[in-house]
Amino acid sequence: MKILVAIKRVVDFNVKIRVKPDRSGVDVADAKMSMNPFDEIAVEEAVRLKEAGTASEIVVVSCGVAQCQEVLRTALALGADRAILVQSDEELQPLAVAKLLKALVDRERPQLVILGKQAIDDDSNQTGQMLAALAGMPQATFASKLDIADGRATVVREVDGGLETIAVTLPAVVTTDLRLNEPRYVKLPNIMKAKSKPLAVFSTAELGVDVAPRLETISVSEPARRSAGVRLPDVKTLVEKLKLEAKVL
Amino acid sequence: MAILVLAEHDNRTLHPATLNAVAAAQRIGGDVHLLVAGHGAGAVAGAAARVSGVARVLHADAPQLADALAENLAAQVLAVAGRYGHILAPATATGKNVLPRVAATLDVAQISEIVAVLDADTFQRPIYAGNALATVRSADAVKVATVRMTAFDPVAPEGGHASVESIPAAADAGLSRFVSRETTRLERPELTSARIVVSGGRGLGSGGNFAELLEPLADKLGAALGASRAAVDAGYVPNDYQIGQTGKIVAPQLYIAVGISGAIQHLAGMKDAKVIVAINKDPEAPIFSVADYGLVGDLFTLVPELVAALG
Ligand SMILES: Cc1cc2nc3c(=O)[nH]c(=O)nc-3n(C[C@H](O)[C@H](O)[C@H](O)COP(=O)(O)OP(=O)(O)OC[C@H]3O[C@@H](n4cnc5c(N)ncnc54)[C@H](O)[C@@H]3O)c2cc1C
Ligand SMILES: Nc1ncnc2c1ncn2[C@@H]1O[C@H](COP(=O)(O)O)[C@@H](O)[C@H]1O
């Protein structure tokens with residue numbers, strides 16, 4: 001079974017971003033960039049499926065600027081077999097990424113596509129669902145457990161009321177939630193080995209996808225800031241404040 | 001053109017998140033229709049028809065719609081999509097699961113978690129864990145969006161007199177099957193609509209401590225219980241307690257954070273609470289930078305004291 005994993009290069013989760021003074025966007029010029037954390041979980045799950053003998057090949061894909069090669073190399077060092085960069089300097093919105101991934105699904109014919117549930121920069125939580133729709137595949141989003149057997153994926157999903165289990169026929173799209181697994185760290189020797197693994201580069205035109213953005217960003221502003229309040233000496237004062245000042249009790 | 005809102009429900013009751021989504025639809029302007037897709041969900045359709053400001057309810061009822069499977073529910077929305085210029089759903093697990101599928105099939109963008117409607121084409125949405133607000137305009141023929149519940153005051157659940165139209169159910173796509181559900185028992189108010197939320201983090205140290213310390217406090221206050229990701233990952237509480245960028249978004253009147261450091265991913269889910277209280281032994285914890293009232297000290301003594309002081 002071949003698995004395709006989509007990984008996005010994003011501003012590291014530890015970075016506190018700043019809005020540009022002219023409100024044109026978020027200043028990420030010098031920010032540390034990393035693999036989207038949910039995509040690390042996606043890569044880890046694929047590697048575990050390969051280690052278990054369920055998967056035979058792992059192909060990782062990233063869409064974006066040339067530097068996305070870095071996250072692809074990381075994924076190769078974690079155990080992916082080959083990488084594809086869909087290189088573009090344009091803004092790629094989820095629908096465009098889903099179309100690019102659909103074009104690659106048509107070429108690669110994977111039995112399983114794993115994505116993160118959400119990119120922590122745009123917080124869209126869409127791409128996997130969109131890809132599933134375009135590829136005519138079932139989807140199992142927000143996965144916290146994945147079992148593959150008999151041409152089906154049985155997936156425990158994190159939903160609002162707790163957990164839900166569904167079974168989907170393969171090929172299918174799965175998106176990862178935080179509790180699916182705990183990703184391993186990259187080992188230094190594997191980083192060296194990953195350098196010789198194949199990495200193919202496509203343009204969006206080669207894949208025949210129109211990636212023009214559908215949403216125009218008019219401005220990006222800073223949300224209303226909360227200011228720090230007061231430190232209270234004891235519980236008694238807190239209860240008084242909540243009753244008399246804040247009037248929430 | 002009319003606006004379609006996908007109703008959130010469990011085949012028995014209409015989920016209040018629907019009322020927030022209807023409120024967002026009203027901001028856009030135009031007749032608001034609610035789609036109730038389910039199985040044996042007649043009572044939900046009835047409740048939907050009484051929601052203030054709803055002009056029409058579309059009701060599709062069939063076994064394949066019982067469990068909100070994405071493939072079947074998306075097909076149901078798509079079956080009526082042609083009549084609408086806007087399609088909205090509350091940003092619940094179901095809404096987030098289904099609407100992108102609808103949007104992609106229509107070849108339009110989806111706008112996630114809108115927090116403001118500026119006009120029929122222009123919306124505001126948070127990005128980067130709520131550290132920035134993007135104003136985006138859609139050029140697509142149909143606007144598909146999920147609605148962040150906390151950003152829109154709900155419309156009244158009663159007072160409307162919508163007509164209920166039965167519509168044919170979309171066929172079973174046959175791609176997915178519901179197996180089982182493990183729901184967290186809810187003896188408390190629901191997290192996303194609770195007036196008071198008591199929330200615990202890694203500082204609690206164990207599931208036993210979490211229950212022993214925070215349940216009495218929540219009981220006293222009639223509060224919902226929430227948690228940080230660290231508390232969920234450590235298994236203190238079920239996954240659906242998680243508040244934050246990638247969990248639930250809450251905006252209660254009062255949020256009490258106990259043993260939570262205040263990582264940006266956590267703040268993303270609760271910083272719109274009216275009043276925030278933090279209890280933490282580390283005076284440098286970032287949670288204090290957003291807290292209206294802070295108590296620096298050991299939660300194992302402060303929380304029982306607080307329970308006692310509440311009488
Ligand atoms: C992709 C991604 C998504 C994430 N999504 C979320 C999310 O949705 N929600 C979320 O919450 N987090 C999320 N996180 C995790 C987040 O970054 C933090 O790791 C997490 O919020 C920390 O939880 P915590 O505050 O409980 O734990 P810690 O940061 O370990 O803080 C524990 C606190 O308890 C205090 N404490 C300890 N003992 C006591 C005591 N006896 N008395 C008083 N105080 C005490 C400590 O001083 C400390 O401040 C996400 C992270 C990533 C990478
Ligand atoms: N530019 C991209 N390149 C590769 N994968 C992506 C890209 N954008 C999004 N994805 C995948 O889609 C998931 C969800 O992203 P989003 O819908 O933007 O929140 C991510 O976790 C990735 O797995």
Side-chain angles (χ1 to χ4, degrees), chain A residues 11 13 16-17 19 26 93-95 98 117-118 120-126 129-130 132-134 137-139 141-142 144 154 158-169 178-179 214-223 226 228-232 235-236 238-239 241-242 246 248-249, chain B residues 70-71 74 92-93 96-97 100-101 103-105 108-112 126-140 175-184 229 233 238-240 245-246 253-254 264 271 274-275 277 288-296 302 305-306 309-310:
Chain A
V11 173
F13 81 98
K16 174 104 176 66
I17 58 96
V19 172
V26 168
Q93 294 181 347
L95 181 62
K117 89 161 172 185
Q118 180 172 338
I120 59 164
D121 50 1
D122 64 30
D123 283 334
S124 288
N125 193 337
Q126 305 177 0
Q129 298 87 313
M130 289 186 148
L134 298 176
M137 289 184 194
Q139 67 190 49
T141 54
F142 324 149
S144 74
T154 303
E158 296 203 0
V159 294
D160 288 342
L163 297 171
E164 166 186 297
T165 306
I166 61 170
V168 295
T169 56
L178 296 168
R179 263 73 56 182
R214 301 300 187 80
L215 298 177
E216 180 199 352
T217 300
I218 296 173
S219 69
V220 176
S221 59
E222 211 153 313
R226 265 195 110 97
V230 291
R231 305 284 166 100
L232 303 176
V235 163
K236 184 169 159 284
L238 173 64
V239 174
K241 292 271 188 195
L242 291 177
V248 287
L249 289 187
Chain B
E71 300 74 21
T92 55
K96 293 178 193 176
N97 192 32
R101 218 177 151 99
T105 309
V108 302
Q110 190 216 239
I111 311 160
S112 295
I127 53 175
Y128 288 93
N131 287 301
L133 280 175
T135 301
V136 296
R137 185 186 295 137
S138 162
D140 286 323
L175 294 169
S176 55
R177 190 165 54 78
F178 173 79
V179 178
S180 63
R181 188 171 287 128
E182 205 181 297
T183 19
T184 310
R229 173 190 173 182
D233 282 3
N239 62 283
D240 58 323
Q245 179 187 16
T246 60
Q253 292 293 301
L254 174 61
I264 49 172
K271 68 178 162 50
K274 182 161 168 272
V275 175
V277 171
F288 287 120
S289 70
V290 298
D292 300 281
Y293 303 116
L295 280 178
V296 179
L302 291 172
E305 267 180 53
L306 180 56
L310 288 167

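Convention: sequence-line order gives letters A, B, ...; per-chain numbering from 1.
Remark: K236(A) NZ is loosely packed, at most 12 non-hydrogen atoms of other residues, nucleotides or ligands lying under 6.0 Å away.
Counting heavy-atom pairs closer than 4.5 Å to chain B, the top-ranked of the candidates S221(A), A246(A), S124(A) is S221(A). In terms of heavy-atom pairs under 4.5 angstrom with chain B, the leader among T169(A), L178(A), V239(A) is L178(A). The most heavy-atom pairs under 4.5 Å with chain A, out of A309(B), A132(B), A70(B), come from A132(B). When L134(A), V168(A), L232(A) are compared by the number of non-hydrogen pairs under 4.5 Å with chain B, L232(A) comes out ahead. Counting heavy-atom pairs under 4.5 Å between each of V235(A), V248(A), T165(A) and chain B puts T165(A) at the top. Among E164(A), Q93(A), R231(A), K16(A), the residue making the largest number of heavy-atom pairs under 4.5 Å with chain B is R231(A). By number of non-hydrogen pairs under 4.5 angstrom with chain A, the leading residue of V108(B), T105(B), I264(B) is V108(B). Counting heavy-atom pairs under 4.5 Å between each of R137(B), R177(B), E71(B), E182(B) and chain A puts R137(B) at the top. Contacts with chain A were tallied for A134(B), S180(B), P238(B), A291(B); S180(B) has the most, counting heavy-atom pairs under 4.5 Å. Of the residues considered (L310(B), V296(B), T92(B)), T92(B) shows the highest number of contacts with chain A, using heavy-atom pairs under 4.5 Å. Here I17(A) is the residue among V11(A), I17(A), T154(A), V159(A) with the most heavy-atom pairs under 4.5 Å with chain B.
Of the possible polar contacts, none joining the K241(A) side chain to the D292(B) backbone as a donor-acceptor pair under 3.5 Å is found. A donor-acceptor pair is defined here as one N or O able to donate and one able to accept, closer than 3.5 Å; no such pair exists between the side chain of D123(A) and the backbone of I127(B). At distances below 3.5 Å, at least one donor-acceptor pair connects side-chain atoms of N239(B) with backbone N or O atoms of G162(A).
Closest approach of L215(A) to A109(B), counting heavy atoms only: CG-CB, 3.8 Å. Closest approach of G130(B) to P223(A), counting heavy atoms only: O-CG, 3.1 Å. Taking all atoms of both residues into account, the shortest heavy-atom contact from A228(A) to F288(B) is CB-O, 3.6 Å. In terms of heavy atoms, P100(B) sits closest to M130(A) at O-CG, 3.4 Å. Here the shortest heavy-atom pairing between Q129(A) and R101(B) reads O-CG, 3.8 Å. For the residue pair N125(A) and K96(B), the shortest heavy atom distance occurs at ND2-CD, 3.8 Å.
Residues L238(A) and L302(B) have side chains not in contact (no heavy-atom distance under 4.5 Å, counting atoms from C-beta outward). When side chains are defined from C-beta on, L95(A) does not count as touching Q110(B), because their heavy atoms never get closer than 4.5 Å. Side-chain contact check for Q245(B) versus Q118(A): some heavy-atom pair is nearer than 4.5 Å. For the pair L249(A) and L254(B), the minimum side-chain heavy-atom distance is below 4.5 Å. With contacts defined as side-chain heavy-atom distances shorter than 4.5 Å, the pair D160(A)/D240(B) does not qualify.
Considering OH of Y128(B) and CG of D121(A), their distance stands at 4.5 Å, rounded to 0.5 Å.
The closest side-chain donor-acceptor pair between T141(A) and N97(B) falls under 3.5 angstrom.
For a residue to count as touching a neighbouring chain, one of its non-hydrogen atoms must lie under 4.5 Å from one of that chain's; by this rule A98(A) does not touch chain B.
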